[in-house]
Amino acid sequence: MPGTMWSGRKSRPPRRRGKSGRTVPSGCARRSKVRPVDYEVNAHKYWNEFYKIHENGFFKDRHWLFTEFPELAPSQNQNHLNDLLPENKRSKVPECRSNEDGPGLQIEEQHKCSSNSLGHKMQMPPVEENVTQKLSHLEICVDEFPGSSATYRILEVGCGVGNTVFPILQTNNDPGLFVYCCDFSSTAVELVQTNSAYDPCRCFAFVHDLCDEDKSYPVPRDSLDIIILIFVLSAVVPDKMQKAINRLSRLLKPGGLMLLRDYGRYDMAQLRFKKGQCLSENFYVRGDGTRVYFFTQDELDTLFTNAGLEKVQNLVDRRLQVNRGKQLTMYRVWIQCKYRKPLLSGTG
Ligand SMILES: C[S@@+](CC[C@H](N)C(=O)[O-])C[C@H]1O[C@@H](n2cnc3c(N)ncnc32)[C@H](O)[C@@H]1O
């Protein structure tokens, strides 16, 4: 493994120092020249451009998912709510797995999904179209919706080209499983739908902006066992995060779980941003127009608990990644959370 774990209170990532000697992680003294509103209004377009360029060759399949989130593995359908591990029982993530931050940081062999098969054209039953079209401004409260007969329902929000969804579909052979996935990039969703592993009998990919308050998800309240957020909440403008999490929380069954893995404060990617790339505190725009926020554990705890969820896990994962080929040493900080909807939920 080309990486070394670093963790614990004594280990600290290198930080930039300002004139006063204080840590200056963000270059936030100067604002971006482009108005932040442009990045907000056109956010999906920047991601569309990103996926037009990279297709499904940028992010790698999240095979570590099942060690970190065993709830996604097979056999979780029965009594999964009783199986939740306490925080201190977390398992080890395989190191150096993804290319979240840029092509220059790629370490592992990239696993490419096949995207050339058109054999799996979307064969949605007509009810899906009816439901999403006719009830797009209402809560879905009908018995028939995509995956309505499933016994274990997972939704991934901000699914990109399916690097989380396809490993789940391939690994979890539970016949009662149904996986929903959405992204506000229509280009990404199209790449999911045209992937040869896309099976409309087990999966429903749709375009959806998790910040869009006027559009509902195509599933009823209290219907999902798991909601997954992998490096997506960080792409959302901070003042819209809470409402987005509130809306998602309503979709969870009592006892259902929200799973998140995302960038932590002072991750190497944050320290590398230049002046002028900062849109607001700890929120930056990359060269390609996509944005990223760097969380603290407390901020995520507040977002989830305000949405009526209870903490199962909230940990910071610090690692030293070494790319020997490029002679790069990278201090990574990720945060991983599991929050559960109480069995007797008070969320409105
Ligand atoms: C860093 S990528 C992660 C993709 C995927 N979760 C993975 O792990 O490979 C962030 C994704 O979030 C999507 N995204 C960003 N903001 C979104 C929003 N407001 N609604 C839905 N998707 C969004 C982007 O289009 C992009 O696909």
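Since this is a predicted model, take the numbers as computed values, not measurements. Residue numbers count from 1 along this sequence. Note that ligands are numbered from 1 as they come in the structure, with each ligand's atoms numbered from 1 the same way.
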> Is a side-chain donor-acceptor pair under 3.5 Å present for Gln327 with Asn323?
Replying inline: no
>> I'd like to check whether Gly158 has a polar contact with ligand 1, where a contact means an N/O of the residue lying under 3.5 Å from an N/O of the ligand.
In response: yes
> Parallel, tilted or perpendicular: which describes the rings of Tyr46 and Tyr39, with under 30° parallel and over 60° perpendicular?
Replying inline: tilted
> Is it true that His208 lies under 4.0 Å from ligand 1, counting heavy atoms only?
Replying inline: yes
> ligand 1 and Asp209, any nitrogen or oxygen pair closer than 3.5 angstrom?
Replying inline: yes
> What do you reckon, does Ala188 put a non-hydrogen atom under 4.0 Å from ligand 1?
Replying inline: no
>> Heavy-atom distances under 4.0 Å decide this one: backbone, side chain, both or neither, for Cys159 against ligand 1?
In response: backbone
> Leu210 to ligand 1: N or O pair under 3.5 Å?
Replying inline: yes
>> Among Gln336, Arg332, Arg261, exactly one meets side chain to side chain donor-acceptor pair (under 3.5 Å) together with Asp317. Which residue is that?
In response: Arg261
>> My understanding is that we take every heavy atom of each candidate and find the minimum distance to atom 3 (C) of ligand 1. Doing that for Val292, Val232, Ile230, Val157, which one comes out nearest?
In response: Ile230
>> For Tyr293 and Glu299, which I'm curious about, is there any donor-acceptor pair between the side chains at under 3.5 Å?
In response: yes
> Between Asp267 and Arg265, does at least one N-O distance fall below 4.0 Å, as a salt bridge requires?
Replying inline: no
> Can you tell me if Tyr51 has a non-hydrogen atom under 4.0 Å from ligand 1?
Replying inline: yes
> Between Phe184 and ligand 1, is there a nitrogen or oxygen pair with a distance under 3.5 Å?
Replying inline: yes
> What closest approach, in Å, do Val192 and Cys159 show between heavy atoms, and which atom pair accounts for it?
Replying inline: CG2-SG, 4.4 Å
>> Using heavy atoms and a 4.0 Å limit, tell me yes or no: is Glu156 in contact with ligand 1?
In response: yes
>> Is it true that Tyr51 and Asp183 share a donor-acceptor pair across their side chains at a distance under 3.5 Å?
In response: no
